[in-house]
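Heads up: the structure comes next, in C-alpha cells.
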Amino acid sequence: MLGARNMTLKELLDALARTTGQNSPRLRLPYAVTLAAGHLENLLCAITRGEPRIPLEGVRMARHKMFVDCSLATRELGFRPTDVEAALERAARWYIENGYVSGGL
C-alpha cells in the first residue's frame, strides 16, 4: 500500500479484519517462537514435500516496520494512493475468487 498510509502489521491485520468481517489475530507470539516454528515447519515440509504455511521470509519481514514516503511519486509522477480498506477488499476478493482462501466478504 505504497504511501496511502503507513501501518504496523497489527493495524494492517485489524483493517483487513474489518474489511472482511473475519477476526483479527489476537495472540502475538515472540519473534523467536515464530522463527523457530517456521524453521521446524520448513524442515518438515522439506521431508514431506509439502508447502510451508509459515514462510521464513514472511516471519523475518514481519519483524520490521517498512514505512514508505510516496511524496516524490506524487509530485513527479502524479501518483494518487487509494484508500487502504478499498485496496484490502479488492485483494481479499481476488484471493477468494481464485480459491486461495475460503470464506466470503
Side-chain angles (χ1 to χ4, degrees):
M1 288 170 283
L2 177 63
R5 184 169 81 217
N6 286 321
M7 303 170 78
T8 64
L9 180 58
K10 170 133 180 52
E11 291 169 333
L12 178 68
L13 292 172
D14 288 345
L16 184 60
R18 285 190 304 275
T19 300
T20 62
Q22 302 295 316
N23 292 326
S24 182
R26 292 188 187 120
L27 180 64
R28 182 176 181 190
L29 298 174
Y31 176 72
V33 172
T34 56
L35 186 61
H39 278 292
L40 180 61
E41 191 207 21
N42 277 260
L43 176 65
L44 293 173
C45 286
I47 294 168
T48 63
R49 291 191 163 90
E51 188 67 31
R53 293 179 0 175
I54 307 173
L56 292 173
E57 297 81 13
V59 173
R60 290 182 184 117
M61 286 177 60
R63 187 176 194 193
H64 303 285
K65 292 181 180 170
M66 294 175 272
F67 293 163
V68 297
D69 176 6
C70 69
S71 60
L72 181 64
T74 300
R75 213 174 32 254
E76 301 287 327
L77 303 173
F79 173 69
R80 298 287 177 252
T82 60
D83 178 64
V84 171
E85 283 77 10
L88 288 171
E89 183 176 346
R90 285 191 309 273
R93 274 191 204 290
W94 185 90
Y95 276 91
I96 292 166
E97 290 169 0
N98 288 279
Y100 289 100
V101 294
S102 60
L105 293 180

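Every heavy atom of this structure was used, including side-chain atoms; hydrogens, water molecules and symmetry mates were not.
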(request) Name all residues meeting the ring-ring contact (aromatic ring centres under 6.0 Å, His included) criterion together with Y100; count only those two or more places apart in sequence or in a different chain, and write none if there are none. (result) W94, Y95
(request) First locate atom CE of M61, then atom CG of L56, and finally report the distance between them rounded to the nearest 0.5 Å. (result) 13.0 Å
(message) With a 4.5 Å cut-off on side-chain heavy atoms, are L88 and L12 touching?
(response) yes
(message) Can you tell me how far apart CE (M66) and CG (N6) are? Round to the nearest 0.5 Å.
(response) 11.0 Å
(message) Return the CZ to SG distance between R80 and C70, rounded to the nearest 0.5 Å.
(response) 9.0 Å
(message) Distance check, rounded to the nearest 0.5 Å: R93 atom CZ versus T20 atom OG1?
(response) 11.0 Å
(request) Give the minimum heavy-atom separation between T74 and F79, together with the two atoms involved. (result) OG1-O, 3.4 Å
(request) Applying side-chain contact (heavy atoms from CB on, under 4.5 Å), name anything that partners T48, two or more places apart in sequence or on another chain. (result) none
Quick one: side chains of residues 24-42, donor-acceptor pairs under 3.5 Å with protein atoms, not counting sequence neighbours, listed by atom name and distance.
from, atom 1, to, atom 2, distance (Å)
S24, OG, D14, OD1, 2.7
T34, OG1, Y31, O, 2.9
E41, OE1, R53, N, 3.0
E41, OE1, I54, N, 2.7
E41, OE2, R53, N, 2.9
N42, ND2, G38, O, 2.6
N42, ND2, I54, O, 3.0

(request) Heavy atoms only: give me the nearest M7-A15 pair and the separation to one decimal. (result) CE-CB, 3.9 Å
(request) Give, for atom CG of L13 and atom CZ of R18, the distance between the pair rounded to the nearest 0.5 Å. (result) 10.5 Å
